**Student:** 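Please see the structure below; I have some questions.
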Amino acid sequence: MRLGFITIGQAPRVDMVPEMQQWLPAIDTLEYGALDDRTAEQVAAMAPNPDDEFLTTKLRDGSSVVIGREHLLPLMTRCIASAEADGADAILIVCTGEFPAFDHRRPLYTADHLLTHAVAGVTGADQVGVLSPLEEQRESSKSKFSLAHVVATAAASPYSADAEDEIAQACRELAQAGAGYIVLDCMGYTARHRDNAARASGVPVILAREGVARMAALAVSAAAAQGEREGA
């Protein structure tokens with residue numbers, strides 16, 4: 001099975017995809033970035049409007065940017081078409097931001113949908129703290145994770161020069177606010193960030209990229225099994 005990864009930044013995401021592959025056994029990955037052919041000037045022009053959804057991502061040179069969702073939608077649609085044309089059996093949008101429905105011919109999974117449902121299933125009735133990269137994303141966290149019981153939110157970017165300390169401190173504060181679980185709500189957070197956050201907070205920490213990869217692996221496996229049954 002071949003799974004097409006659509007990032008809102010630039011591919012390849014060497015900071016993310018290699019770590020995710022451990023949770024995607026027997027699945028080959030193809031990578032596409034919404035900003036792959038954008039110049040620095042064009043990316044700068046995609047800064048969010050005040051009423052747009054703020055998203056952050058990493059570029060090929062290692063820098064990070066904040067962009068508006070509306071600027072990305074046509075570029076992401078093109079990436080989906082490219083993945084399908086290249087023979088991807090399924091497609092995964094590797095950003096936990098909320099997106100409208102996209103046209104697609106192959107199964108399409110979004111990190112947002114996979115993560116929010118996984119969090120609800122894991123945390124049950126326990127109180128949840130959500131860590132987002134940007135202050136502008138905190139307000140929407142409670143509605144986004146409405147299937148869970150969100151008690152507190154915080155912000156700390158995985159792309160900051162002091163990311164490890166800032167993430168650990170934010171998670172410590174979430175636990176002090178009553179969170180029994182903490183969600184690292186961005187695909188940029190790493191397993192190292194999760195481990196440091198768990199030590200600092202003393203509560204279980206859910207890593208978006210792990211939860212999304214594991215859920216995607218289940219979905220792709222189920223789709224493959226269904227295809228085999230239909231072809232038998």
Side-chain angles (χ1 to χ4, degrees), residues 7-9 13 15-17 19-20 23 48 52-58 63-69 92-99 110-216:
T7 175
I8 64 171
R13 283 296 299 268
D15 63 307
M16 176 174 64
V17 176
E19 186 169 86
M20 290 181 68
W23 303 303
D52 199 356
E53 181 172 348
F54 284 59
L55 299 172
T56 185
T57 187
K58 204 165 190 179
S63 63
S64 63
V65 293
V66 177
I67 47 184
R69 181 183 65 179
L92 175 63
I93 294 176
V94 286
C95 172
T96 61
E98 297 177 277
F99 295 97
T110 64
D112 162 53
H113 184 80
L114 295 177
L115 179 63
T116 54
H117 284 75
V119 167
V122 168
T123 61
D126 290 328
Q127 294 183 320
V128 177
V130 179
L131 183 66
S132 304
L134 305 173
E135 284 289 339
E136 293 86 352
Q137 296 170 325
R138 292 182 61 181
E139 184 64 28
S140 63
S141 291
K142 290 186 178 181
S143 59
K144 175 179 177 178
F145 288 93
S146 60
L147 297 176
H149 299 273
V150 177
V151 66
T153 64
S157 174
Y159 308 129
S160 165
D162 299 317
E164 291 192 17
D165 290 341
E166 292 171 356
I167 291 168
Q169 178 59 29
C171 289
R172 189 178 296 113
E173 293 171 359
L174 288 172
Q176 292 170 349
Y181 283 88
I182 293 172
V183 183
L184 301 185
D185 183 26
C186 175
M187 298 297 286
Y189 295 118
T190 68
R192 183 183 178 93
H193 292 150
R194 176 201 59 203
D195 294 343
N196 288 341
R199 282 192 292 269
S201 65
V203 303
V205 177
I206 298 173
L207 178 65
R209 63 173 58 173
E210 179 180 5
V212 168
R214 290 185 184 277
M215 293 285 283

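Keep in mind the model is a prediction, meaning the values are calculated, not measured. Atoms considered below: every heavy atom in the structure, side chains included; atoms not considered: hydrogens, waters and symmetry mates.
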**Student:** What I'd like to find out is whether the side chain of Arg192 reaches to under 4.5 Å of the side chain of Asn196, using heavy atoms alone.
**Tutor:** yes

**Student:** Is any side-chain heavy atom of Arg194 less than 4.5 Å from a side-chain heavy atom of Leu184?
**Tutor:** yes

**Student:** Test Thr7 against Val17 for side-chain contact (heavy atoms from CB on, under 4.5 Å), laying out the working first.
**Tutor:** CA-CA 10 Å; Thr7 175; Val17 176; over 6 Å; no

**Student:** Do Tyr159 and Val66 pass the side-chain contact (heavy atoms from CB on, under 4.5 Å) test, and can you show the C-alpha distance, the side-chain angles, and the key distance before you say yes or no?
**Tutor:** CA-CA 11 Å; Tyr159 308 129; Val66 177; over 6 Å; no

**Student:** To check you understand the geometry: which heavy-atom pair defines the closest contact between Leu207 and Thr190, and what is its length?
**Tutor:** CD1-O, 3.5 Å

**Student:** Which heavy atom of Cys95 sits nearest a heavy atom of Leu55, and at what distance?
**Tutor:** SG-CD2, 4.3 Å

**Student:** Could you label the plane-to-plane angle of the His117 and His113 rings as parallel, tilted or perpendicular, counting under 30° as parallel and over 60° as perpendicular?
**Tutor:** tilted

**Student:** What is the minimum heavy-atom distance between Gly188 and Arg209, and which atoms define it?
**Tutor:** O-NH2, 3.4 Å

**Student:** Do you know the tightest heavy-atom contact between His193 and Pro158?
**Tutor:** CE1-O, 3.8 Å

**Student:** Taking all non-hydrogen atoms of both residues, which atom of Thr96 and which atom of Ala208 are closest, and how far apart?
**Tutor:** CG2-CB, 4.1 Å

**Student:** Would you call Arg13 and Met187 a side-chain contact if the rule is heavy atoms closer than 4.5 Å?
**Tutor:** no

**Student:** Going from CZ on Arg172 to CD1 on Ile182, what distance comes out if it is rounded to the nearest 0.5 angstrom?
**Tutor:** 10.0 Å

**Student:** Any non-hydrogen side-chain atom of Val128 less than 4.5 Å from a side-chain atom of Phe145?
**Tutor:** no

**Student:** Any side-chain heavy atom of Pro133 within less than 4.5 Å of one from Tyr189?
**Tutor:** yes

**Student:** Would a 4.5 Å heavy-atom cut-off, applied to side chains only, mark Val119 and Val130 as touching?
**Tutor:** no

**Student:** Would Thr153 and Ser141 count as having a side-chain donor-acceptor pair, cut-off 3.5 Å?
**Tutor:** no

**Student:** Given 3.5 Å as the limit, does a donor-acceptor pair link the side chain of Glu173 with the main chain of Ala154, or not?
**Tutor:** no

**Student:** Which residue is it: Arg138, Lys144, Lys142? I am looking for the one with a salt bridge (charged side-chain N to carboxylate O under 4.0 Å, His left out) to Asp185.
**Tutor:** Lys144

**Student:** Side chains of Val94 and Met16, heavy atoms from C-beta outward: is any pair under 4.5 Å?
**Tutor:** yes

**Student:** Say you draw a straight line from CG of Leu131 to SG of Cys171; how long is it, rounded to the nearest 0.5 Å?
**Tutor:** 5.0 Å

**Student:** Can you tell if the side chain of Leu115 reaches within under 4.5 Å of the side chain of Val183, non-hydrogen atoms only?
**Tutor:** yes

**Student:** Is the side chain of Ser160 donor-acceptor paired with the backbone N or O of Asp162 at a distance under 3.5 Å, no angle test?
**Tutor:** yes

**Student:** Give a yes or no on whether the backbone of Phe54 and the side-chain of Gln137 come within a donor-acceptor separation of less than 3.5 Å.
**Tutor:** yes

**Student:** Rounded to the nearest 0.5 Å, what separation is found between the CZ atom of Phe99 and the CG atom of Asp112?
**Tutor:** 8.5 Å

**Student:** Considering the options Thr57, Val65, Thr56, which one meets the side-chain contact (heavy atoms from CB on, under 4.5 Å) requirement together with Ile8?
**Tutor:** Thr57

**Student:** Would you name the heavy atoms of Ile167 and Ser157 that are closest together and state the gap between them?
**Tutor:** CD1-O, 4.3 Å

**Student:** Do any N or O atoms from the side chain of Asp52 and from the backbone of Arg69 form a donor-acceptor pair under 3.5 angstrom?
**Tutor:** yes

